[in-house]
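Report on the following structure.
These numbers were taken from a predicted model, which means no experiment stands behind them. In each ligand, atom 1 is the first atom listed, and ligand 1 is the first ligand listed.
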Amino acid sequence: MSTPAESQCNPVHVAIIMDGNGRWAKARGLPRNAGHRQGAGNVREIVRASADLGIRYLTLYAFSSENWKRPKEEVDELMKLLARFLKEQAKEIRKQGLRFRTIGDISAMPADVRELLEKTIAESANNNGGTLTLALNYGSRQELLNAVKLYAEDVQAGRARPETLDWQTLSSYLYTADMPDPDLVIRTSGERRVSNFLLLQGAYAEYYFCEKNWPEFGRADLEEALRSYRARERRYGMTGEQLREKDNCQDSLPTS
Ligand code: FPP
């Protein structure tokens with residue numbers, strides 16, 4: 001039986017805005033790229049912790065559509081770290097039976113990174129031990145524009161009818177089409193912004209802001225975020241009384 005402080009189940013889908021690599025490095029008198037290297041190491045830790053904690057979907061904001069504006073050396077380092085991560089993580093992905101995927105426009109990624117991404121996606125496509133998603137060259141507004149363009153093409157070709165358009169249909173054009181919406185979105189580094197990340201999918205998500213910079217966000221911090229999540233009541237526009245009549249563990253979202 002759940003206690004009042006932990007009234008619901010663990011989240012099915014946790015999404016993380018990994019922020020604060022630069023500040024972690026600066027606080028130690030190190031270059032920003034040292035922070036990214038430490039941050040990349042921590043991605044491995046948190047992927048493992050999240051699988052151990054039974055989280056079915058883990059989505060990490062690794063590179064936003066806006067991150068191309070950073071200095072070239074920094075973008076190059078992030079791409080290098082990503083390539084290294086994919087090579088090193090292949091064994092872990094196989095061992096844990098994870099399905100790897102991306103959201104965002106990966107056609108703009110450097111060719112070597114894109115090839116590694118496509119290889120990892122293809123090799124893990126039939127795994128069912130949980131889904132690890134990297135958001136790469138991702139931005140919610142770009143995602144929505146892309147979805148609307150694809151939908152408009154279908155309307156023009158007579159495959160879709162605007163009169164019957166509902167959220168379920170429109171959301172099937174998003175990068176996240178076959179994923180559940182995030183239940184819990186975590187942001188590290190003390191910033192309280194969502195920065196163009198899963199804006200529509202997070203409509204009913206719980207948000208958790210942690211003061212620690214990403215390289216220091218460990219398993220215990222993830223567990224603390226889960227505890228905070230379990231202590232909340234998700235009402236989806238209903239009253240608490242209505243909710244308590246239903247099973248609290250059925251986090252079903254309204255579809256329209
Ligand atoms: C934000 O820190 C971090 C990012 C730009 C994205 C996250 C990147 C990593 C964790 C490293 C590589 C990723 C993988 C998957 C291998 P920031 O630079 O914005 O920090 P600041 O706000 O303190 O400057």
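The protein heavy atom nearest to atom 22 (O) of ligand 1 is Arg23 NH2, 2.9 Å. Closest to atom 11 (C) of ligand 1 among all protein heavy atoms lies His36 O, 3.6 Å. Protein heavy atom in closest approach to atom 6 (C) of ligand 1: Ala62 O, 3.2 Å. For atom 8 (C) of ligand 1, the closest non-hydrogen atom on the protein side is Asn21 ND2, 3.7 Å. In terms of protein heavy atoms, atom 4 (C) of ligand 1 is closest to Met18 O, 3.9 Å. Nearest protein neighbour of atom 16 (C) of ligand 1, counting heavy atoms only, is Phe85 CB, 3.6 Å.
Ligand 1 lies out of reach of Ser189, whose nearest heavy atom is not under 4.0 Å from it. In this structure, Arg32 has a heavy atom closer than 4.0 Å to ligand 1.
A donor atom on one side chain and an acceptor atom on the other are found under 3.5 Å apart for Tyr138 and Ser140. Of the N and O atoms on the side chains of Arg234 and Tyr229, at least one donor lies less than 3.5 Å from an acceptor on the other residue.
Glu191 and Arg23 are joined by a salt bridge, as a carboxylate oxygen and a charged side-chain nitrogen come within less than 4.0 angstrom of each other. Comment: Arg44 does not engage Glu92 in a salt bridge, judged by the lack of any side-chain N to carboxylate O separation of less than 4.0 angstrom. Glu206 has no carboxylate O lying under 4.0 Å from a charged side-chain N of Arg235, or vice versa, which leaves the two without a salt bridge. Here Arg159 does not pair with Glu153 in a salt bridge; the nearest charged N to carboxylate O distance is not below 4.0 Å.
Residue Asp19 has at least one nitrogen or oxygen atom sitting less than 3.5 Å from a nitrogen or oxygen atom of ligand 1, judged on distance alone. In terms of N/O distances under 3.5 Å, ligand 1 is approached by Gly22.
At a 4.0 Å heavy-atom cut-off, ligand 1 touches Arg70 through the side chain alone. Here Trp214 has side-chain heavy atoms under 4.0 Å from ligand 1, and that is the only part of it that gets that close.
Counting heavy atoms only, Val43 comes closest to atom 13 (C) of ligand 1 of the residues Ile17, Val43, Leu136.
Closest heavy-atom contact between Arg56 and Asn128: NH2-O, 3.0 Å.
Side-chain N or O atoms of Asp52 include none that pairs as donor or acceptor with a backbone N or O of Ala49 at under 3.5 Å. A side-chain donor-acceptor contact under 3.5 Å links His13 to the backbone of Pro180.
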